[in-house]
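Have a look at the structure below, then the notes.
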Amino acid sequence: MIYMKVRKIFSVPALFLSLLFFVSCFGFDAEIEIRENGAVLNLEYRVSSRLEETGKLDGNEQWPMLPAGRRDFERTAARLKGTHLKSFSSKITGNDLVTRVSLEFDSIETLVSFLDAAGEDVSYTTANGKNVLSMTLLRAGGAPRGGEDRSFITAAFEGYAAVISLKSPGAAVVPTDGGGKRIDIPGASVTGGGASFSVPMGDLLSFGAPVALEFTW
């Protein structure tokens, strides 16, 4: 068990919150493409294929800590006006169960509602021609973790990463403490020209302080 408070980013029922609390060997790659008439989210997440033995991927009814199935995304798209499921696939690749989902949104506001139904951890603002998309990846309290805890978490998530990118002309991304102050995260890389943030899952989860991203374009 990882004793830290982690907020889910995606509102598909209990997906990331459950995985981060109960499952090691987990990573994701989320690409957001901004368009004139909305946005597209291309999402890939992977977990150890050993989880397949504990339940069927039939929409999350039998084992809610498993990745959401096609029916979960279809129900979410039907419930959230302006959301369209473009594609869904799930298969075993190597030692992982890899799920890929592509969703289209009629507006950035609809994308935000999908990412954070509660409206607490993802926000979008625009002013003076500048767009800002902010999202909290990690909410953690207490002192930074010691070497032993950090080594355990890093080993448990070895080979898995958290990657979030945004495609739009002039895009940039800055990691912050959730309050606007820029932070440096060990192991993280930040690039422009497509604005991408990437960090090993172990480094993210053992950071010991809040982590947020601020995308601008």
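Computed from heavy atoms alone, side chains included, the values below leave out hydrogens, waters and symmetry copies.
- Going from atom NE2 of H84 over to atom CD of E104 covers 6.0 Å, rounded to the nearest 0.5 Å.
- The side-chain heavy atoms of M135 and I32, taken from C-beta on, include a pair separated by under 4.5 Å.
- Using a 4.5 Å heavy-atom cutoff, the side chains of V190 and V174 are not in contact.
- For the pair T136 (side chain) and L138 (backbone), a donor-acceptor distance under 3.5 Å is absent.
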Derivation of the side chain to side chain contact (heavy atoms under 4.5 Å, CB included) call for R100 and K91
CA-CA 9 Å; R100 295 184 175 93; K91 65 178 182 179; 4.0 Å; yes
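- Side-chain contact between R70 and L85: present, with at least one pair of heavy atoms (C-beta onward) separated by less than 4.5 Å.
- With contacts defined as side-chain heavy-atom distances shorter than 4.5 Å, the pair V173/T191 does not qualify.
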Go through it in stages, so that I can follow the logic: the residues are L137 and I164, the test is side chain to side chain contact (heavy atoms under 4.5 Å, CB included), and I'd like the CA-CA distance, side-chain angles, deciding distance and then a yes or no.
CA-CA 10 Å; L137 296 184; I164 301 181; 3.3 Å; yes
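- Note on ring orientation: taking the six-membered ring where Trp is involved, the planes of F88 and F73 are tilted (angle from 30° to 60°).
- Between T76 and T83, every side-chain heavy-atom pair lies at or beyond the 4.5 Å cut-off.
- Although no hydrogens or angles enter the test, the distance criterion places a donor-acceptor pair under 3.5 Å between the side chain of D116 and the main chain of D121.
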Any chance you could lay out the side chain to side chain contact (heavy atoms under 4.5 Å, CB included) test for L111 and V40, step after step, and finish with the verdict?
CA-CA 8 Å; L111 167 67; V40 171; over 6 Å; no
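- Counting heavy atoms from C-beta outward, E214 and V132 have side chains that approach closer than 4.5 Å.
- At distances below 3.5 Å, not a single donor-acceptor pair connects side-chain atoms of S168 with backbone N or O atoms of A171.
- Within the 4.5 Å cutoff, side-chain heavy atoms of F197 are placed close to those of I185.
- In this structure, L213 and P175 approach most closely via the heavy-atom pair CD2-CA, 4.0 Å.
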Start with the C-alpha gap between D96 and Y160, add the side-chain angles, then the distance that decides, and say whether side chain to side chain contact (heavy atoms under 4.5 Å, CB included) holds.
CA-CA 10 Å; D96 294 332; Y160 295 83; 2.4 Å; yes
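- Between L41 and V101 there is no side-chain heavy-atom pair separated by less than 4.5 Å.
- The OG1 atom of T176 sits 11.0 Å away from atom NZ of K181, with the distance rounded to the nearest 0.5 Å.
- The backbone N or O of E109 sits less than 3.5 Å from a side-chain atom of S113, completing a donor-acceptor pair.
- Side-chain N or O atoms of D177 include one that pairs as donor or acceptor with a backbone N or O of G179 at under 3.5 Å.
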